[in-house]
Protein chains: 2
Amino acid sequence: MTDHRAARTDNRTHTIMQATLDLAREAGYAKLSIEAVASRAGVGKHTVYRRWPSRGLLFLDAVLSLNTAGLDHPDTGDIVADLREVMTRAAALLGQPPWGPLYQDLIGEAQHDPEVAAALNRRFIEPQTANTLARLEAAKDQGQLAPDFDLDLAFEILSGPLYYRLLITQQPLTHAYIDRVLQAVFAGMSPRPQTR
Amino acid sequence: MTDHRAARTDNRTHTIMQATLDLAREAGYAKLSIEAVASRAGVGKHTVYRRWPSRGLLFLDAVLSLNTAGLDHPDTGDIVADLREVMTRAAALLGQPPWGPLYQDLIGEAQHDPEVAAALNRRFIEPQTANTLARLEAAKDQGQLAPDFDLDLAFEILSGPLYYRLLITQQPLTHAYIDRVLQAVFAGMSPRPQTR
DNA sequence: CTGGAACGGCACGTGCCGTGTTGACAAGTG
DNA sequence: CACTTGTCAACACGGCACGTGCCGTTCCAG
């Protein structure tokens, strides 16, 4: 039957991705080779190349397959609490193994490989962004945000600092830091004794 | 004389870095090999390895050597205008060749190689950060910013979105976008009809 | 039973790695 | 003018991973 074939194929695909994750965790993405992946998976190199055109896209698939937990937005009615919840969950994922280093390597690879960058945006960044923007939109409709509140900018101001810490300074993404960012965006930074 | 030797050595160092930049511009960092650099520079591989322990650190030196223009902070007395000036200059550098793609690749490499990450922070990120923080500090002393204004957070909220666009979504860093970010931090985002 | 597709295993030629060796050449020394 | 010393380009090396062929096997589909 065709089902059996498809099942076998899926099994191999899954085995290869699992081997990719195992090796990436053990030795890091930098030392990940397709030969090693194939060997670890008990699979011929052809079987890998038949499914993925490059190491980067294989790694992308493998890492994104971990995201089954999801970062869907809750809607308790309190936009700030909901954002805090999502950001905290994201920080918990990014801040520690196995996700953190893998995601970091993935973004690193995206800087060299345009295909990886495009796929990462399409399959992960954009859905997550749309998710958050939808939640912000709802909050605006409910009057929790001013009608002229700049949702896109808010999202980037909330996300940017987290990525900056993850990718550049590699400082920890603590609960307290998330609160400070949220506070700044939603309660203002009080730049001057009296606002202009 | 020893001076002649030192001069010769410096010349070779400079020649190698220049060849590195040329090749990186032509073919991208991904295809940059030390063999190719040595060949282009008319130099033996030993001469490269004697100066740099890895491709990443060579690339770091080469890219940072371009930054002679500098991003020093002006001090016109108006903190927002000064920040806009610096951010605009930074965006002009990052947004277009040759700096943009090279800096992007450099950060990408830093995600795989801890030594590159550490050196990048120490030699570029931290000085720039200190620079901006000193300017913010001065503004606070002059009463342009409230005494409880969170300088560190402000810096990360200003920088984060720019890096987010550069590294993740790869959207352009326009003048208008910089204004929106500055506006959000220094004039508030007016989250609600009346601020809490 | 037969054809086709996918497979593991193996070997190939290529490119780059990082290292070792050699001989040419220049700078300072007696 | 030899002579030492140090630096260099050039070449060769073993090792590894690349991406691509080919082989014989296995497993359904018709």
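The basis for the numbers below is simple: all heavy atoms, side chains too, and nothing from hydrogens, waters or symmetry mates. Order of the sequence lines fixes the chain letters, A, B, ..., with proteins taken first and strands second; residue numbering starts at 1 for each chain.
Atom pair A/I16:CD1 and C/dC7:C1' shows a separation of 11 Å (rounding to whole Å applied). Rounded to an integer number of Å, the gap from NZ of B/K31 to P of D/dG19 is 12 Å. To the nearest angstrom, P of D/dA17 lies 11 Å from CG of A/L23. Atom CG in B/L58 sits about 11 Å away from atom P in C/dC17, given to the nearest Å. D/dC16 atom P lies 17 Å from atom CG of A/L32, rounded to whole Å. At whole-Å resolution of the value, CZ in B/R55 and P in C/dG15 are 17 Å apart.
Between D/dC18, C/dC16, D/dC8, one nucleotide has an atom nearer to the side chain of A/I34 than all others, and that is D/dC18.
Contacts of A/Q18 classified as side chain to side chain donor-acceptor pair (under 3.5 Å), with partners at least two apart in sequence or in another chain: A/D22. Listed by chain and number, the residues in a salt bridge (Lys or Arg N to Asp or Glu O under 4.0 Å) with B/E156 are A/R165 (sequence neighbours excluded). Residues that satisfy the ring pair (Phe, Tyr, Trp, His ring centres under 6.0 Å) test with B/Y103, not counting sequence neighbours, are B/W99, B/F124. In this view, A/D113 satisfies the side chain to side chain donor-acceptor pair (under 3.5 Å) rule with no residue, not counting sequence neighbours.
Checked against the 6.0 Å centroid criterion, the rings of B/Y163 and A/Y163 do not qualify as a close aromatic pair. Checked against a 6.0 Å centroid threshold, the rings of B/Y164 and A/Y164 do not count as neighbours.
A salt bridge is defined here as a Lys NZ or Arg NE, NH1 or NH2 lying under 4.0 Å from an Asp or Glu carboxylate O, and B/R55 with B/E35 fails to meet this definition. Salt-bridge formation is detected for the pair A/R123/A/D61: a Lys NZ or Arg NE/NH1/NH2 atom is positioned less than 4.0 Å from an Asp or Glu carboxylate oxygen.
No hydrogens or angles considered: nothing links the side chains of B/D82 and B/H73 as a donor-acceptor pair under 3.5 Å.
When the side-chain nitrogen and oxygen atoms of A/R12 are compared with OP1 and OP2 of C/dG8, one or more of them lie within a distance under 4.0 Å. An OP1 or OP2 oxygen of D/dG19 is reached within less than 4.0 angstrom by no side-chain nitrogen or oxygen of A/R50.
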All N/O contacts under 3.5 Å from nucleotides 23-25 of chain D to the protein, with atom names and distances to one decimal?
none

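Contacts between residues 35-48 of chain A and DNA chain D, defined by a heavy-atom separation under 4.0 Å, are made by A/E35, A/K45, A/H46.
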